[in-house]
Student: 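Encoded as structure tokens, here's the structure I'll be asking about.
Everything numeric in this text was worked out from a predicted model, so none of it was measured. Below, chains carry the letters A, B, ... as their sequence lines are ordered, and counting in each starts from 1. What you see below is based on every heavy atom in this structure, not just the backbone, and it leaves out hydrogens, waters and symmetry mates.
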Protein chains: 2
Amino acid sequence: MTAHGHDAPRAARPATGSGEGGRTVGDDRVMTVVRQWHAVHPGLATAPMELIGRLNRCAALLQQAEDAPLRSAGLSRAEFDLLGALRRTGRALTPGDLARETFSSGAAVTKRLKQLTERGLVERRGDSRDRRVIHIHLTEQGRDLVDGILPGQLAYEASVLSGLDTGEQADLTALLSALLVQLEGRLGGFRP
Amino acid sequence: MTAHGHDAPRAARPATGSGEGGRTVGDDRVMTVVRQWHAVHPGLATAPMELIGRLNRCAALLQQAEDAPLRSAGLSRAEFDLLGALRRTGRALTPGDLARETFSSGAAVTKRLKQLTERGLVERRGDSRDRRVIHIHLTEQGRDLVDGILPGQLAYEASVLSGLDTGEQADLTALLSALLVQLEGRLGGFRP
DNA sequence: AACAGGTGTTTTACTCGTGAAACATTCGCC
DNA sequence: GGCGAATGTTTCACGAGTAAAACACCTGTT
């Protein structure tokens with residue numbers, strides 16, 4: 001959906017109510033976009049757009065924000081995810097496992113592994129029982145790299161979320177979890 | 001962050017509380033990942049990951065879901081966004097405007113415009129005052145395409161969100177808006 | 001043992017987006 | 001008018017990800 005907006009110059013204005021009770025929607029980019037759509041199609045049911053648009057924008061901004069510190073450490077997010085999957089599972093994984101863990105294609109994983117292997121962050125071993133299978137494990141260097149980066153990433157995340165109080169964060173987490181459970185059930189991506 | 005998890009086989013289990021009061025976090029993929037991290041680094045402060053991980057997963061699943069119907073209509077999401085920006089602003093925009101509206105690079109916009117122009121969905125005009133500037137407007141065909149697609153997209157969005165009741169949706173919208181306002185202020189992406 | 005179907009990984013050919021460079025144009029200052 | 005700086009768009013060279021194909025290997029049935 002086209003939740004992406006543009007920066008119309010605007011004077012300061014009070015937050016705009018957009019629902020029942022105490023629920024308030026702030027003056028963000030999505031609000032601008034929604035208003036534009038209402039002008040074009042009066043009566044358009046935009047509530048889904050108001051939610052999904054914001055979800056996408058928040059995700060985009062957060063991902064973008066996190067990419068910078070990772071880049072400083074010489075890793076892309078995808079690479080960090082892959083290394084992280086190895087670290088948190090605590091065992092060797094096959095390329096297929098890694099593809100599933102990181103919601104990537106096999107081809108992408110192959111490419112990444114090539115690079116990470118060349119950098120000495122992961123190592124490959126064959127499987128004694130099945131010659132098709134490759135096992136990938138973290139090297140000590142790879143593990144140290146992940147362990148060195150993770151606390152800083154988490155601290156950074158805490159920092160960017162600090163604009164919401166802990167109650168709001170917990171509420172948001174719970175609601176997102178409810179949504180995610182629904183989406184995973186409905187659209188796949190997880191089989192509990 | 002590595003909120004991306006994997007589908008560990010699991011027996012049915014009750015929802016796990018993860019905060020104060022009535023806030024409950026469901027049994028989703030992120031939960032699995034967080035547990036793994038806790039096993040690796042006991043005492044790790046994972047609350048930020050629990051929020052951001054879910055945000056990213058929800059966004060990814062929703063975007064993926066929306067891409068399919070658009071593809072049926074012969075458009076990528078980026079193309080739809082671009083056409084949508086023209087439609088909702090209701091006037092011609094420059095490539096630079098479109099890049100800002102859609103959070104894309106100028107090079108990407110140039111490419112997309114080339115394709116959309118060839119398909120007769122947009123048209124280009126020079127600027128009478130500044131020879132550098134190009135104005136892009138929707139053709140009638142382009143406008144009809146957007147108008148034809150939008151209601152179905154919104155209905156689909158309403159459908160995928162229907163796993164949450166309207167109160168939950170409104171709460172989520174409000175909290176996301178609060179977060180987005182903070183992020184936009186802190187990380188840029190909007191100048192009200 | 002032979003074979004069809006399935007599986008794991010890699011390769012291939014391609015698309016898409018990016019940052020930087022290129023180029024033309026405009027603006028403001030002297 | 002001349003010039004440096006800024007601006008708008010496009011081009012360029014590249015990296016990243018994808019679906020499908022390729023290939024090797026495994027499994028289950030006859």
Student: Applying salt bridge (Lys or Arg N to Asp or Glu O under 4.0 Å), name anything that partners A:Asp67, two or more places apart in sequence or on another chain.
Tutor: A:Arg77
Student: Tell me, please, the opening and closing nucleotides of DNA chain C, 5' to 3', among those with an atom under 4.0 angstrom from a non-hydrogen atom of chain A.
Tutor: C:dG6 to C:dT11
Student: Distance-only, no hydrogens or angles: does the B:Thr139 side chain make a donor-acceptor pair with backbone N or O of B:Gly120 under 3.5 Å?
Tutor: yes
Student: From CG of B:Asp127 over to P of D:dT9, roughly how many Å is that when rounded to an integer?
Tutor: 9 Å
Student: Out of B:Val109, B:Leu82, B:Leu98, which residue meets the side chain to side chain contact (heavy atoms under 4.5 Å, CB included) rule with B:Ile136?
Tutor: B:Leu98
Student: Is the NZ or CZ atom of A:Arg87 positioned over A:Phe80's six-membered ring, under 6.0 angstrom from the centre and within 45° of the axis?
Tutor: no
Student: For B:Asp130 and D:dA6, give me the distance from atom CG to atom C1', rounded to whole Å.
Tutor: 12 Å
Student: My understanding is that only residues two or more places apart in sequence, or in another chain, count here; which of them pass salt bridge (Lys or Arg N to Asp or Glu O under 4.0 Å) with A:Arg112?
Tutor: none
Student: Side chains of A:His135 and A:Thr94: donor-acceptor distance under 3.5 Å anywhere?
Tutor: no
Student: For nucleotides 13-24 of chain D, read 5' to 3', which letter fits each nucleotide if B means a protein heavy atom sits under 4.0 Å from the base, S means only the sugar-phosphate is that close, and - means neither?
Tutor: ---SBBB----B
Student: Can you list everything that forms a salt bridge (Lys or Arg N to Asp or Glu O under 4.0 Å) with A:Arg132? Sequence neighbours excluded, please.
Tutor: A:Asp130
Student: Got a sec, which residues hit side chain to side chain contact (heavy atoms under 4.5 Å, CB included) with A:Ser76, two or more places apart in sequence or on another chain?
Tutor: A:Arg71, A:Ala78, A:Glu79
Student: Does D:dG8 have OP1 or OP2 sitting under 4.0 Å from an N or O in the side chain of B:Arg124?
Tutor: no
